[in-house]
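Below, each value reflects all heavy atoms present in this structure, side chains not excepted, and no hydrogens, waters or symmetry copies. Note that this is a predicted model, so its numbers are computed, not measured.
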Amino acid sequence: MGRTRTKAKKSVSAVTNSSQSSSSSAAPAISALLDKAQELIVQCDFPLARKFIDRALVGDDGSVSEKNQAKEMMGVVLLETGEVDEARELFLSLLPPHPTAPTHPPPSAHLYLAQLSADPYTALKHYQAAIDILQTQLKGKAPLPAQGDEHDEGEDEARSNIVRAYVGMVEVWMDPEYDLCFDPAASSTCDSLLANALQIDPHNLEALQCLASVRLSQEKTEEALTALLTFPPSSPDAPPARNQALVAALPLSVRLARAKLLLECGAYHDALDVLENVLASDDSSVEGWYLMGWGWWLVAERQKEGGEVEGSEGLTWEDIARDSRDCLETCQMLHKSQSDPDTPILEHVQELLGTLDALGITPSPIQDDEEGDGDGWEDASDDEDIEMS
(Lines give C-alpha, C1' and ligand atoms only; values in the text may rest on other atoms or scores of the structure.)
Protein backbone atom coordinates (compact mmCIF):
# COMPACT_ATOMS: atom_id res chain seq x y z
CA MET A 1 0.00 0.00 0.00
CA GLY A 2 1.82 3.12 -1.15
CA ARG A 3 0.89 6.72 -0.49
CA THR A 4 -0.93 8.08 -3.49
CA ARG A 5 0.10 11.51 -4.66
CA THR A 6 -2.13 13.63 -6.85
CA LYS A 7 -1.06 14.13 -10.40
CA ALA A 8 0.19 17.16 -11.67
CA LYS A 9 -9.62 5.88 -32.62
CA LYS A 10 -8.62 4.86 -34.86
CA SER A 11 -10.98 6.04 -37.57
CA VAL A 12 -13.01 3.29 -39.08
CA SER A 13 -14.38 3.25 -42.58
CA ALA A 14 -18.13 3.16 -42.95
CA VAL A 15 -19.78 -0.11 -43.75
CA THR A 16 -20.95 -0.19 -47.34
CA ASN A 17 -23.83 -2.24 -48.59
CA SER A 18 -22.69 -5.28 -50.52
CA SER A 19 -24.16 -6.00 -53.91
CA GLN A 20 -26.15 -9.12 -54.54
CA SER A 21 -24.20 -12.17 -53.37
CA SER A 22 -22.35 -14.20 -55.94
CA SER A 23 -20.01 -17.13 -55.77
CA SER A 24 -17.01 -14.88 -56.49
CA SER A 25 -17.87 -11.92 -54.21
CA ALA A 26 -20.26 -13.09 -51.53
CA ALA A 27 -21.63 -10.75 -48.88
CA PRO A 28 -20.30 -11.36 -45.38
CA ALA A 29 -22.09 -14.10 -43.50
CA ILE A 30 -24.30 -12.89 -40.67
CA SER A 31 -22.03 -14.67 -38.19
CA ALA A 32 -19.08 -12.61 -39.44
CA LEU A 33 -21.08 -9.39 -39.13
CA LEU A 34 -22.05 -10.26 -35.55
CA ASP A 35 -18.47 -11.18 -34.64
CA LYS A 36 -17.30 -7.82 -35.95
CA ALA A 37 -20.10 -5.99 -34.15
CA GLN A 38 -19.18 -7.73 -30.88
CA GLU A 39 -15.55 -6.70 -31.35
CA LEU A 40 -16.61 -3.09 -31.89
CA ILE A 41 -18.88 -3.15 -28.82
CA VAL A 42 -15.91 -4.29 -26.72
CA GLN A 43 -13.96 -1.36 -28.20
CA CYS A 44 -16.88 0.97 -27.31
CA ASP A 45 -17.28 1.95 -30.96
CA PHE A 46 -21.05 1.79 -30.75
CA PRO A 47 -21.95 3.81 -33.89
CA LEU A 48 -19.96 1.51 -36.13
CA ALA A 49 -21.17 -1.60 -34.27
CA ARG A 50 -24.70 -0.45 -35.01
CA LYS A 51 -23.96 -0.38 -38.74
CA PHE A 52 -22.83 -4.01 -38.69
CA ILE A 53 -25.85 -5.08 -36.62
CA ASP A 54 -28.24 -3.23 -38.93
CA ARG A 55 -26.69 -5.04 -41.83
CA ALA A 56 -27.15 -8.38 -40.08
CA LEU A 57 -30.80 -7.63 -39.32
CA VAL A 58 -31.79 -6.64 -42.87
CA GLY A 59 -29.99 -9.54 -44.55
CA ASP A 60 -31.94 -12.50 -45.87
CA ASP A 61 -29.45 -15.06 -44.66
CA GLY A 62 -28.83 -16.19 -41.10
CA SER A 63 -30.70 -18.40 -38.70
CA VAL A 64 -33.45 -17.31 -36.33
CA SER A 65 -30.96 -17.66 -33.49
CA GLU A 66 -28.53 -15.30 -35.21
CA LYS A 67 -31.28 -12.76 -35.89
CA ASN A 68 -32.25 -12.82 -32.21
CA GLN A 69 -28.60 -12.44 -31.24
CA ALA A 70 -28.44 -9.38 -33.49
CA LYS A 71 -31.52 -7.91 -31.77
CA GLU A 72 -29.95 -8.46 -28.37
CA MET A 73 -26.70 -6.81 -29.46
CA MET A 74 -28.66 -3.89 -30.88
CA GLY A 75 -30.35 -3.52 -27.51
CA VAL A 76 -26.94 -3.28 -25.84
CA VAL A 77 -25.83 -0.63 -28.34
CA LEU A 78 -29.01 1.37 -27.79
CA LEU A 79 -28.43 1.28 -24.04
CA GLU A 80 -24.87 2.48 -24.44
CA THR A 81 -25.97 5.37 -26.65
CA GLY A 82 -28.69 6.47 -24.23
CA GLU A 83 -31.71 5.21 -26.20
CA VAL A 84 -33.18 3.43 -23.20
CA ASP A 85 -36.82 3.21 -24.29
CA GLU A 86 -35.85 1.77 -27.68
CA ALA A 87 -33.57 -0.75 -25.96
CA ARG A 88 -36.37 -1.80 -23.61
CA GLU A 89 -38.74 -2.41 -26.52
CA LEU A 90 -36.13 -4.47 -28.32
CA PHE A 91 -35.50 -6.67 -25.28
CA LEU A 92 -39.25 -7.10 -24.78
CA SER A 93 -39.54 -8.31 -28.39
CA LEU A 94 -37.35 -11.27 -27.42
CA LEU A 95 -39.79 -12.43 -24.73
CA PRO A 96 -43.28 -13.91 -24.80
CA PRO A 97 -46.00 -12.89 -25.46
CA HIS A 98 -44.40 -10.90 -28.28
CA PRO A 99 -45.33 -12.65 -31.56
CA THR A 100 -41.73 -12.76 -32.81
CA ALA A 101 -40.25 -13.99 -29.52
CA PRO A 102 -38.04 -17.08 -29.90
CA THR A 103 -39.11 -20.46 -28.54
CA HIS A 104 -36.26 -20.31 -26.04
CA PRO A 105 -36.07 -16.66 -24.91
CA PRO A 106 -32.58 -15.47 -23.95
CA PRO A 107 -32.08 -15.01 -20.21
CA SER A 108 -30.00 -11.93 -20.92
CA ALA A 109 -33.13 -10.09 -22.10
CA HIS A 110 -34.66 -10.64 -18.65
CA LEU A 111 -31.43 -9.51 -16.98
CA TYR A 112 -31.33 -6.26 -18.97
CA LEU A 113 -35.02 -5.58 -18.37
CA ALA A 114 -34.55 -6.20 -14.64
CA GLN A 115 -31.91 -3.48 -14.55
CA LEU A 116 -34.11 -1.13 -16.57
CA SER A 117 -37.21 -1.65 -14.41
CA ALA A 118 -38.28 1.22 -12.19
CA ASP A 119 -40.67 -1.06 -10.30
CA PRO A 120 -38.86 -3.38 -7.84
CA TYR A 121 -41.42 -6.18 -8.20
CA THR A 122 -41.05 -6.18 -11.98
CA ALA A 123 -37.28 -6.26 -11.60
CA LEU A 124 -37.48 -9.23 -9.24
CA LYS A 125 -39.75 -11.10 -11.67
CA HIS A 126 -37.27 -10.58 -14.52
CA TYR A 127 -34.34 -11.72 -12.38
CA GLN A 128 -36.24 -14.85 -11.32
CA ALA A 129 -37.25 -15.58 -14.92
CA ALA A 130 -33.60 -15.35 -15.99
CA ILE A 131 -32.58 -17.73 -13.19
CA ASP A 132 -35.29 -20.23 -14.19
CA ILE A 133 -34.14 -20.23 -17.83
CA LEU A 134 -30.47 -20.57 -16.90
CA GLN A 135 -31.14 -23.40 -14.46
CA THR A 136 -33.15 -25.21 -17.12
CA GLN A 137 -30.24 -24.81 -19.51
CA LEU A 138 -27.87 -26.29 -16.96
CA LYS A 139 -30.18 -29.26 -16.51
CA GLY A 140 -30.01 -29.90 -20.24
CA LYS A 141 -33.64 -29.15 -21.00
CA ALA A 142 -32.78 -26.19 -23.21
CA PRO A 143 -29.78 -25.47 -25.43
CA LEU A 144 -26.82 -23.66 -23.92
CA PRO A 145 -25.38 -20.85 -26.05
CA ALA A 146 -22.03 -22.65 -26.33
CA GLN A 147 -21.39 -25.80 -28.30
CA GLY A 148 -18.65 -28.33 -28.77
CA ASP A 149 -15.38 -27.48 -27.05
CA GLU A 150 -16.98 -24.34 -25.62
CA HIS A 151 -19.59 -26.34 -23.69
CA ASP A 152 -17.80 -26.00 -20.35
CA GLU A 153 -17.34 -22.29 -20.94
CA GLY A 154 -21.06 -21.98 -21.67
CA GLU A 155 -21.89 -23.72 -18.39
CA ASP A 156 -19.54 -21.41 -16.49
CA GLU A 157 -21.20 -18.40 -18.05
CA ALA A 158 -24.65 -19.70 -17.15
CA ARG A 159 -23.63 -20.25 -13.52
CA SER A 160 -22.03 -16.81 -13.38
CA ASN A 161 -25.20 -15.19 -14.71
CA ILE A 162 -27.33 -17.05 -12.15
CA VAL A 163 -25.12 -15.68 -9.38
CA ARG A 164 -25.37 -12.15 -10.85
CA ALA A 165 -29.14 -12.46 -10.97
CA TYR A 166 -29.31 -13.46 -7.30
CA VAL A 167 -27.01 -10.56 -6.43
CA GLY A 168 -29.25 -8.24 -8.46
CA MET A 169 -32.26 -9.41 -6.48
CA VAL A 170 -30.48 -8.71 -3.19
CA GLU A 171 -29.60 -5.24 -4.40
CA VAL A 172 -33.26 -4.57 -5.21
CA TRP A 173 -34.28 -5.68 -1.71
CA MET A 174 -31.61 -3.47 -0.13
CA ASP A 175 -32.18 -0.37 -2.26
CA PRO A 176 -33.34 2.46 0.05
CA GLU A 177 -35.31 3.99 -2.83
CA TYR A 178 -37.75 1.10 -2.59
CA ASP A 179 -40.06 0.14 0.29
CA LEU A 180 -38.78 -3.43 0.14
CA CYS A 181 -35.80 -2.60 2.36
CA PHE A 182 -38.25 -1.81 5.21
CA ASP A 183 -40.06 -5.12 4.83
CA PRO A 184 -39.57 -7.30 7.96
CA ALA A 185 -38.64 -10.17 5.67
CA ALA A 186 -35.94 -8.21 3.82
CA SER A 187 -33.00 -9.46 5.91
CA SER A 188 -33.96 -13.14 5.81
CA THR A 189 -34.83 -12.91 2.11
CA CYS A 190 -31.41 -11.47 1.29
CA ASP A 191 -29.75 -14.22 3.35
CA SER A 192 -31.68 -16.86 1.41
CA LEU A 193 -30.87 -15.35 -1.99
CA LEU A 194 -27.16 -15.11 -1.17
CA ALA A 195 -27.13 -18.66 0.13
CA ASN A 196 -28.46 -19.76 -3.26
CA ALA A 197 -25.82 -17.72 -5.07
CA LEU A 198 -22.94 -19.02 -2.97
CA GLN A 199 -24.18 -22.59 -3.31
CA ILE A 200 -23.57 -22.24 -7.04
CA ASP A 201 -20.19 -20.50 -6.64
CA PRO A 202 -18.88 -20.31 -3.04
CA HIS A 203 -15.97 -18.07 -4.04
CA ASN A 204 -17.72 -15.62 -6.36
CA LEU A 205 -16.23 -12.26 -5.38
CA GLU A 206 -19.30 -10.20 -6.29
CA ALA A 207 -21.60 -12.48 -4.30
CA LEU A 208 -19.25 -12.39 -1.31
CA GLN A 209 -19.08 -8.62 -1.58
CA CYS A 210 -22.86 -8.44 -1.62
CA LEU A 211 -22.91 -10.69 1.44
CA ALA A 212 -20.54 -8.27 3.17
CA SER A 213 -22.91 -5.39 2.42
CA VAL A 214 -25.83 -7.32 3.92
CA ARG A 215 -23.80 -8.25 7.00
CA LEU A 216 -22.84 -4.60 7.55
CA SER A 217 -26.50 -3.62 7.35
CA GLN A 218 -27.09 -6.26 10.03
CA GLU A 219 -24.23 -4.73 12.10
CA LYS A 220 -22.13 -7.89 11.78
CA THR A 221 -18.85 -6.19 10.91
CA GLU A 222 -16.56 -9.16 11.50
CA GLU A 223 -18.64 -11.41 9.25
CA ALA A 224 -18.67 -8.68 6.61
CA LEU A 225 -14.88 -8.41 6.67
CA THR A 226 -14.51 -12.19 6.49
CA ALA A 227 -16.65 -12.22 3.35
CA LEU A 228 -14.59 -9.44 1.75
CA LEU A 229 -11.32 -11.25 2.47
CA THR A 230 -12.51 -14.64 1.17
CA PHE A 231 -10.92 -15.63 -2.15
CA PRO A 232 -10.90 -18.78 -4.28
CA PRO A 233 -8.40 -21.36 -2.97
CA SER A 234 -5.02 -21.17 -4.65
CA SER A 235 -2.08 -23.49 -5.10
CA PRO A 236 1.00 -23.06 -2.88
CA ASP A 237 2.99 -21.66 -5.80
CA ALA A 238 0.42 -19.01 -6.70
CA PRO A 239 1.89 -15.48 -6.88
CA PRO A 240 1.33 -13.25 -3.82
CA ALA A 241 -0.52 -10.68 -5.91
CA ARG A 242 -3.04 -13.24 -7.21
CA ASN A 243 -5.90 -12.00 -5.06
CA GLN A 244 -5.19 -8.40 -6.03
CA ALA A 245 -5.35 -9.44 -9.67
CA LEU A 246 -8.73 -11.10 -9.10
CA VAL A 247 -10.09 -7.90 -7.56
CA ALA A 248 -8.55 -5.79 -10.35
CA ALA A 249 -10.54 -7.84 -12.89
CA LEU A 250 -13.84 -6.72 -11.35
CA PRO A 251 -15.76 -3.80 -12.92
CA LEU A 252 -14.69 -0.37 -11.69
CA SER A 253 -17.99 0.30 -9.91
CA VAL A 254 -17.70 -3.02 -8.04
CA ARG A 255 -14.15 -2.19 -6.94
CA LEU A 256 -15.24 1.22 -5.67
CA ALA A 257 -18.06 -0.37 -3.68
CA ARG A 258 -15.60 -2.95 -2.35
CA ALA A 259 -13.20 -0.22 -1.17
CA LYS A 260 -16.01 1.58 0.62
CA LEU A 261 -17.07 -1.60 2.40
CA LEU A 262 -13.48 -2.28 3.46
CA LEU A 263 -13.21 1.24 4.89
CA GLU A 264 -16.45 0.75 6.80
CA CYS A 265 -15.02 -2.51 8.19
CA GLY A 266 -11.84 -0.74 9.32
CA ALA A 267 -9.62 -2.61 6.82
CA TYR A 268 -7.89 0.58 5.69
CA HIS A 269 -4.80 -1.07 4.20
CA ASP A 270 -6.87 -3.38 2.00
CA ALA A 271 -9.19 -0.55 0.97
CA LEU A 272 -6.33 1.72 -0.07
CA ASP A 273 -4.75 -1.10 -2.08
CA VAL A 274 -8.00 -1.46 -4.03
CA LEU A 275 -8.22 2.30 -4.55
CA GLU A 276 -4.66 2.57 -5.82
CA ASN A 277 -5.60 0.07 -8.50
CA VAL A 278 -8.80 1.96 -9.28
CA LEU A 279 -7.01 5.26 -9.77
CA ALA A 280 -4.33 3.57 -11.85
CA SER A 281 -7.18 2.46 -14.13
CA ASP A 282 -9.04 5.77 -14.08
CA ASP A 283 -7.43 8.79 -12.44
CA SER A 284 -10.48 10.93 -13.23
CA SER A 285 -12.77 8.97 -10.89
CA VAL A 286 -14.42 11.42 -8.50
CA GLU A 287 -15.51 8.64 -6.15
CA GLY A 288 -12.06 7.03 -6.32
CA TRP A 289 -10.29 10.19 -5.12
CA TYR A 290 -12.99 10.78 -2.51
CA LEU A 291 -12.60 7.31 -1.02
CA MET A 292 -8.80 7.56 -1.17
CA GLY A 293 -8.93 10.90 0.67
CA TRP A 294 -11.36 9.56 3.23
CA GLY A 295 -9.26 6.42 3.65
CA TRP A 296 -6.08 8.36 4.36
CA TRP A 297 -8.03 10.57 6.77
CA LEU A 298 -9.17 7.49 8.70
CA VAL A 299 -5.57 6.23 8.79
CA ALA A 300 -4.39 9.62 10.06
CA GLU A 301 -7.03 9.58 12.78
CA ARG A 302 -5.98 6.14 13.93
CA GLN A 303 -2.30 7.13 13.88
CA LYS A 304 -3.07 10.33 15.81
CA GLU A 305 -4.74 8.23 18.50
CA GLY A 306 -1.67 6.04 18.84
CA GLY A 307 -2.72 3.18 16.54
CA GLU A 308 -0.95 1.94 13.44
CA VAL A 309 -2.04 0.82 10.00
CA GLU A 310 -0.01 -1.47 7.79
CA GLY A 311 1.80 0.58 5.16
CA SER A 312 1.96 3.78 7.23
CA GLU A 313 5.03 2.89 9.27
CA GLY A 314 7.49 5.75 9.63
CA LEU A 315 4.93 8.42 8.75
CA THR A 316 3.50 10.99 11.11
CA TRP A 317 -0.22 11.51 11.27
CA GLU A 318 0.36 14.96 9.77
CA ASP A 319 2.05 13.40 6.72
CA ILE A 320 -0.89 11.06 6.22
CA ALA A 321 -3.41 13.84 6.77
CA ARG A 322 -1.64 15.88 4.10
CA ASP A 323 -2.00 12.98 1.69
CA SER A 324 -5.68 12.91 2.58
CA ARG A 325 -6.02 16.60 1.83
CA ASP A 326 -4.29 16.26 -1.54
CA CYS A 327 -6.71 13.49 -2.56
CA LEU A 328 -9.76 15.38 -1.32
CA GLU A 329 -8.77 18.55 -3.17
CA THR A 330 -8.30 16.53 -6.34
CA CYS A 331 -11.75 15.06 -5.82
CA GLN A 332 -13.23 18.54 -5.33
CA MET A 333 -11.56 19.79 -8.50
CA LEU A 334 -12.79 16.84 -10.57
CA HIS A 335 -16.28 17.09 -9.07
CA LYS A 336 -16.52 20.67 -10.33
CA SER A 337 -14.91 20.11 -13.74
CA GLN A 338 -17.13 17.09 -14.46
CA SER A 339 -20.29 18.68 -13.01
CA ASP A 340 -20.68 15.49 -10.98
CA PRO A 341 -24.23 15.20 -9.60
CA ASP A 342 -23.19 13.37 -6.39
CA THR A 343 -23.79 16.17 -3.88
CA PRO A 344 -23.27 14.02 -0.72
CA ILE A 345 -19.69 13.24 -1.80
CA LEU A 346 -18.93 16.94 -2.26
CA GLU A 347 -20.48 17.80 1.10
CA HIS A 348 -18.40 15.18 2.91
CA VAL A 349 -15.24 16.32 1.11
CA GLN A 350 -15.86 19.90 2.18
CA GLU A 351 -16.52 18.76 5.76
CA LEU A 352 -13.23 16.81 5.85
CA LEU A 353 -11.29 19.72 4.33
CA GLY A 354 -12.75 22.01 6.99
CA THR A 355 -11.54 19.63 9.71
CA LEU A 356 -8.07 19.50 8.13
CA ASP A 357 -8.01 23.31 8.01
CA ALA A 358 -8.80 23.44 11.72
CA LEU A 359 -5.93 21.01 12.40
CA GLY A 360 -3.52 23.21 10.45
CA ILE A 361 -2.97 20.65 7.67
CA THR A 362 -1.96 22.49 4.51
CA PRO A 363 -1.72 21.06 0.98
CA SER A 364 1.53 19.48 -0.15
CA PRO A 365 3.82 21.96 -1.92
CA ILE A 366 3.64 21.83 -5.69
CA GLN A 367 6.74 20.14 -7.07
CA ASP A 368 8.24 21.38 -10.32
CA ASP A 369 8.70 18.70 -12.96
CA GLU A 370 12.11 19.29 -14.46
CA GLU A 371 11.29 17.12 -17.41
CA GLY A 372 8.04 18.91 -18.15
CA ASP A 373 4.49 18.09 -17.21
CA GLY A 374 3.20 16.89 -20.53
CA ASP A 375 1.84 20.23 -21.73
CA GLY A 376 2.95 19.29 -25.21
CA TRP A 377 0.80 16.21 -25.59
CA GLU A 378 0.16 15.15 -29.13
CA ASP A 379 -2.62 13.06 -30.54
CA ALA A 380 -0.76 10.27 -32.22
CA SER A 381 -3.75 8.22 -33.26
CA ASP A 382 -3.45 6.74 -36.71
CA ASP A 383 -6.16 6.59 -39.27
CA GLU A 384 -6.62 3.07 -40.44
CA ASP A 385 -9.55 1.63 -42.27
CA ILE A 386 -11.21 -1.50 -41.02
CA GLU A 387 -13.25 -3.17 -43.69
CA MET A 388 -15.42 -6.22 -43.74
CA SER A 389 -14.68 -8.24 -46.82
For the pair Lys36 and Glu39, evaluate salt bridge (charged side-chain N to carboxylate O under 4.0 Å, His left out) and give the outcome as yes or no after the intermediate values. CA-CA 5 Å; Lys36 186 61 183 178; Glu39 178 185 330; 3.3 Å; yes
Step by step, would you call Glu318 with Ile361 a side chain to side chain contact (heavy atoms under 4.5 Å, CB included)? CA-CA 7 Å; Glu318 291 92 346; Ile361 303 299; 4.1 Å; yes
Side chain to side chain contact (heavy atoms under 4.5 Å, CB included) for Leu246 and Leu205? Distances and angles first, verdict last. CA-CA 8 Å; Leu246 292 174; Leu205 295 187; 3.9 Å; yes
Go through the steps for Leu328 and Ser324 under the test side chain to side chain contact (heavy atoms under 4.5 Å, CB included), then give the verdict. CA-CA 6 Å; Leu328 293 169; Ser324 169; 3.6 Å; yes
Given the rule in the salt bridge (charged side-chain N to carboxylate O under 4.0 Å, His left out) test, do Arg325 and Glu329 qualify, once you have shown the distances and angles that lead to the verdict? CA-CA 6 Å; Arg325 180 172 195 124; Glu329 290 191 340; 3.0 Å; yes
Please lay out, stage by stage, how Ser117 and Asp119 fare under the test side-chain hydrogen bond (donor to acceptor under 3.5 Å, both in side chains). CA-CA 5 Å; Ser117 297; Asp119 175 62; over 6 Å; no
Run the side-chain hydrogen bond (donor to acceptor under 3.5 Å, both in side chains) check on Asp319 and Thr316 step by step: do they pass? CA-CA 5 Å; Asp319 292 331; Thr316 67; 3.1 Å; yes
Steps toward side chain to side chain contact (heavy atoms under 4.5 Å, CB included) verdict (Val247, Phe231): CA-CA 9 Å; Val247 172; Phe231 290 92; 3.6 Å; yes
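Annotation: side chain of Asp183 is not in contact with side chain of Asp179 (no heavy-atom distance under 4.5 Å). Contact check for Lys125 versus Pro120: no side-chain heavy atoms found under the 4.5 Å cut-off. Taking the side chain as every heavy atom from C-beta outward, Ile162 and Leu138 approach each other to under 4.5 Å. Put simply, the side chain of Leu34 reaches to within 4.5 Å of the side chain of Ile30, judged on heavy atoms. Using a 4.5 Å heavy-atom cutoff, the side chains of Trp173 and Leu193 are in contact. Annotation: side chain of Leu208 is in contact with side chain of Leu198 (closest heavy-atom distance under 4.5 Å).
No side-chain donor-acceptor contact under 3.5 Å links Ser192 to the backbone of Ser188. One N or O on the side chain of Thr189 and one on the backbone of Ala185 form a donor-acceptor pair closer than 3.5 Å. Without hydrogens or angle criteria, Gln338 side chain to Ser284 main chain gives a donor-acceptor distance under 3.5 Å. Trp289 contributes no side-chain N or O that, together with a main-chain N or O of Met333, makes up a donor-acceptor pair within less than 3.5 Å. Counting only distance, with no hydrogens or angles, the side chain of Ser217 and the backbone of Val214 share a donor-acceptor pair below 3.5 Å. A donor-acceptor pair under 3.5 Å is formed between the side chain of Asn68 and the backbone N or O of Val64.
More than 12 heavy atoms of other shown residues, nucleotides or ligands fall within 6.0 angstrom of atom NZ in Lys67.
Atom CD of Glu206 sits about 6.0 Å away from atom CZ of Arg164, to the nearest 0.5 Å.
Scanning both residues, Arg322 and Ser364, for their nearest heavy atoms gives CG-OG, 3.2 Å. Here the shortest heavy-atom pairing between Cys331 and Val286 reads SG-O, 3.5 Å. In plain terms, the two heavy atoms of Ala70 and Leu57 that are nearest each other are CB-CD2, 3.6 Å. Nearest heavy-atom pair, Gln137 versus Pro107, reported as atom, atom and distance to 0.1 Å: NE2-CD, 4.1 Å. Scanning both residues, Ala207 and Val167, for their nearest heavy atoms gives CA-CG2, 3.8 Å. For the pair Cys265 and Ala224, the tightest heavy-atom approach, listed with the atom from each and the gap, is SG-CB, 3.9 Å.
In this structure Tyr290 satisfies the ring-ring contact (aromatic ring centres under 6.0 Å, His included) test together with His348, sequence neighbours excluded. Residues passing the side chain to side chain contact (heavy atoms under 4.5 Å, CB included) test with Asp35, sequence neighbours excluded: none. With sequence neighbours excluded, the residues satisfying side chain to side chain contact (heavy atoms under 4.5 Å, CB included) with Gln244 are Ala241, Asp273. With sequence neighbours left out, Thr100 forms a side chain to side chain donor-acceptor pair (under 3.5 Å) with His98. Residues forming a side chain to side chain donor-acceptor pair (under 3.5 Å) with Ser108 (at least two apart in sequence, or on another chain): Glu72. The side chain to side chain contact (heavy atoms under 4.5 Å, CB included) test applied to Lys220 returns Arg215, Gln218, Glu223, not counting sequence neighbours. Not a single salt bridge (charged side-chain N to carboxylate O under 4.0 Å, His left out) links Asp132 to another residue, sequence neighbours left out. Not counting sequence neighbours, Asp175 has no partner by the side chain to side chain donor-acceptor pair (under 3.5 Å) test. Qualifying side chain to side chain contact (heavy atoms under 4.5 Å, CB included) partners for Leu346, counting only residues two or more places apart in sequence or in other chains: Gln332, His335, Gln350.
Criterion: ILVMFWY side-chain heavy atoms under 4.5 Å apart, direct or through other members. Under it, Leu48 and Phe46 are not part of a common hydrophobic cluster. Linking Ile, Leu, Val, Met, Phe, Trp and Tyr residues whenever their side-chain heavy atoms come within less than 4.5 Å leaves Met73 and Leu33 in two separate clusters. Note on Val163: it clusters hydrophobically with Leu124, by side-chain heavy-atom contacts below 4.5 Å among ILVMFWY residues. Leu113 and Leu79 end up in the same hydrophobic cluster when Ile, Leu, Val, Met, Phe, Trp and Tyr side chains are linked at under 4.5 Å. Val76 and Leu40 sit in two unconnected hydrophobic clusters of ILVMFWY residues. Membership requires side-chain heavy atoms under 4.5 Å apart, directly or through other members.
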I'd like a table of donor-acceptor pairs (distance under 3.5 Å, sequence neighbours excluded) in which one partner is a side-chain atom from residues 80-96, with atom names and distances.
| unit_1 | atom_1 | unit_2 | atom_2 | d |
| --- | --- | --- | --- | --- |
| Thr81 | OG1 | Val77 | O | 2.9 |
| Thr81 | OG1 | Leu78 | O | 3.2 |
| Thr81 | OG1 | Glu83 | OE2 | 3.0 |
| Glu83 | OE2 | Arg50 | NH1 | 2.9 |
| Asp85 | OD1 | Arg88 | NH1 | 2.9 |
| Arg88 | NH2 | Leu116 | O | 3.3 |
| Ser93 | OG | Leu90 | O | 2.5 |

All N/O donor-acceptor pairs, side-chain side in residues 250-264, below 3.5 Å, sequence neighbours left out:
| unit_1 | atom_1 | unit_2 | atom_2 | d |
| --- | --- | --- | --- | --- |
| Arg255 | NE | Leu250 | O | 3.0 |
| Arg255 | NH1 | Asn277 | OD1 | 2.5 |
| Arg255 | NH1 | Ser281 | OG | 3.4 |
| Arg258 | NH1 | Gln209 | OE1 | 3.1 |
| Arg258 | NH2 | Leu228 | O | 2.5 |

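For residues 119-139, the ring pair (Phe, Tyr, Trp, His ring centres under 6.0 Å) pairs, not counting sequence neighbours, are His110-His126.
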